[in-house]
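Just below is one structure, and these are the notes that go with it.
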Amino acid sequence: QVQLVESGGGLVQAGDSLRLSCAASLHPFSDYAMGWFRQAPGKEREFVAGISRYSSRTDYADSVKDRFTISKDYNNNMVYLQMNSLKPEDTAVYYCAGERTESTIRVPTTPNYAYWGQGTQVTVSS
């Protein structure tokens, strides 16, 4: 059974850092592009960051570029989102997502991934 389980969310102050983790039971892990999305109350789910199958490409939303970093750990089937210089507008539920793809460079940026986690709350106070 496919499972994606996020962790690492919490309440922080503006300027702080957090690292989100996603444990993914996707095999083989290198067949999957992975992404992070977020959804704030009353807003649509939006793309935050994505990484290709072999981590050769990454993509970021303009709002998080230069602050967030996505990475994959192939030994442990983990995906991370390092979030630095957090802002109140980063407050949202963050979701990990996985999509099997033949392409080695594709980074899906729309919420059409096949597999999703349950989400982890990130709250940034001003």
Side-chain angles (χ1 to χ4, degrees):
Q1 183 179 356
V2 172
Q3 275 192 312
L4 278 67
V5 181
E6 302 97 334
S7 61
L11 172 63
V12 296
Q13 292 187 330
D16 285 351
S17 297
L18 272 178
R19 188 177 80 156
L20 303 184
S21 301
C22 172
S25 62
L26 300 172
H27 304 283
F29 194 45
S30 58
D31 279 4
Y32 292 83
M34 302 297 296
W36 285 96
F37 289 75
R38 66 187 181 188
Q39 188 166 18
K43 294 188 176 182
E44 292 187 352
R45 191 169 297 189
E46 64 173 358
F47 172 78
V48 175
I51 189 165
S52 61
R53 287 179 60 182
Y54 299 116
S55 304
S56 59
R57 287 190 64 180
T58 57
D59 198 1
Y60 297 92
D62 288 342
S63 59
V64 307
K65 207 166 288 185
D66 299 326
R67 297 189 298 124
F68 290 11
T69 303
I70 188 172
S71 61
K72 290 178 78 175
D73 177 352
Y74 295 87
N75 290 328
N76 296 298
N77 279 37
M78 298 289 293
V79 185
Y80 301 103
L81 185 68
Q82 177 66 43
M83 305 187 296
N84 299 328
S85 302
L86 282 161
K87 304 176 181 180
E89 49 265 44
D90 295 319
T91 295
V93 177
Y94 283 70
Y95 297 91
C96 173
E99 177 73 16
R100 191 165 196 161
T101 177
E102 296 295 323
S103 170
T104 59
I105 62 172
R106 178 171 172 251
V107 179
T109 60
T110 59
N112 295 322
Y113 283 68
Y115 304 105
W116 291 85
Q118 83 290 348
T120 185
Q121 176 71 46
V122 172
T123 303
V124 185
S125 63
S126 57

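Each residue takes its place number in the sequence, starting with 1. For the numbers below, each heavy atom of this structure counts, side chains included, while hydrogens, waters and symmetry mates do not.
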Evaluate side chain to side chain contact (heavy atoms under 4.5 Å, CB included) for Thr123 paired with Val12, printing each intermediate quantity in order.
-> CA-CA 6 Å; Thr123 303; Val12 296; over 6 Å; no
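- The aromatic rings of Phe68 and Tyr94 sit tilted, their planes meeting at an angle between 30° and 60°.
- Under 3.5 Å, the side chains of Ser55 and Tyr74 contain a donor-acceptor pair of N or O atoms.
- Looking at residues two or more places apart in sequence or on another chain, you find no side chain to side chain donor-acceptor pair (under 3.5 Å) involving Gln3.
- In this structure, Leu81 and Thr69 have side chains that are not in contact, with every pair of non-hydrogen atoms separated by 4.5 Å or more.
- Here the rule is ring pair (Phe, Tyr, Trp, His ring centres under 6.0 Å) with Tyr113, and of Phe47, Tyr95, Phe37 only Phe37 fits it.
- The backbone N or O of Val93 lies less than 3.5 Å from no partner atom in the side chain of Gln39, so there is not a single donor-acceptor pair.
- Closest non-hydrogen pair, Leu4 versus Ala24, comes out as CG-CB, 4.2 Å.
- Atom SG of residue Cys22 and atom OH of residue Tyr115 lie 13.5 Å apart, to the nearest 0.5 angstrom.
- Atom CG of Asp59 sits about 12.0 Å away from atom CZ of Arg106, to the nearest 0.5 Å.
- Between Glu6 and Trp116 there is no side-chain heavy-atom pair separated by less than 4.5 Å.
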Given Tyr60 and Ile70, is the side chain to side chain contact (heavy atoms under 4.5 Å, CB included) satisfied, shown in steps?
-> CA-CA 9 Å; Tyr60 297 92; Ile70 188 172; 3.5 Å; yes
For residues 26-36, which side-chain N or O atoms pair as donor and acceptor with protein atoms under 3.5 Å away, sequence neighbours left out?
| unit_1 | atom_1 | unit_2 | atom_2 | d |
| --- | --- | --- | --- | --- |
| Asp31 | OD1 | Arg53 | NH2 | 3.0 |
| Asp31 | OD2 | Arg100 | NE | 3.4 |
| Asp31 | OD2 | Arg100 | NH2 | 2.8 |

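- Atom-to-atom distance recorded for Arg57:CZ and Ile51:CD1 is 12.0 Å, nearest 0.5 angstrom.
- Applying the side-chain hydrogen bond (donor to acceptor under 3.5 Å, both in side chains) test to pairs two or more places apart or on separate chains, those with a residue in residues 83-93 are Ser17-Asn84, Arg38-Asp90, Arg67-Asp90, Gln82-Asn84.
- Rounding to the nearest 0.5 Å places CD of Gln13 at 5.0 Å from OG of Ser125.
- Put simply, the side chain of Ser52 reaches to within 4.5 Å of the side chain of Val107, judged on heavy atoms.
- Taking the ring axis of Tyr80 as reference, the NZ or CZ atom of Arg19 stays within 45° of it and closer than 6.0 Å to the ring centre.
- The heavy-atom pair separating Ala14 from Ser126 by the smallest distance is CB-CA, 4.4 Å.
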What do the steps show when you test Asp16 against Val124 for side chain to side chain contact (heavy atoms under 4.5 Å, CB included), and what is the final call?
-> CA-CA 8 Å; Asp16 285 351; Val124 185; over 6 Å; no
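- The CD atom of Gln118 lies 9.0 Å from the OG atom of Ser7; values are rounded to the nearest 0.5 Å.
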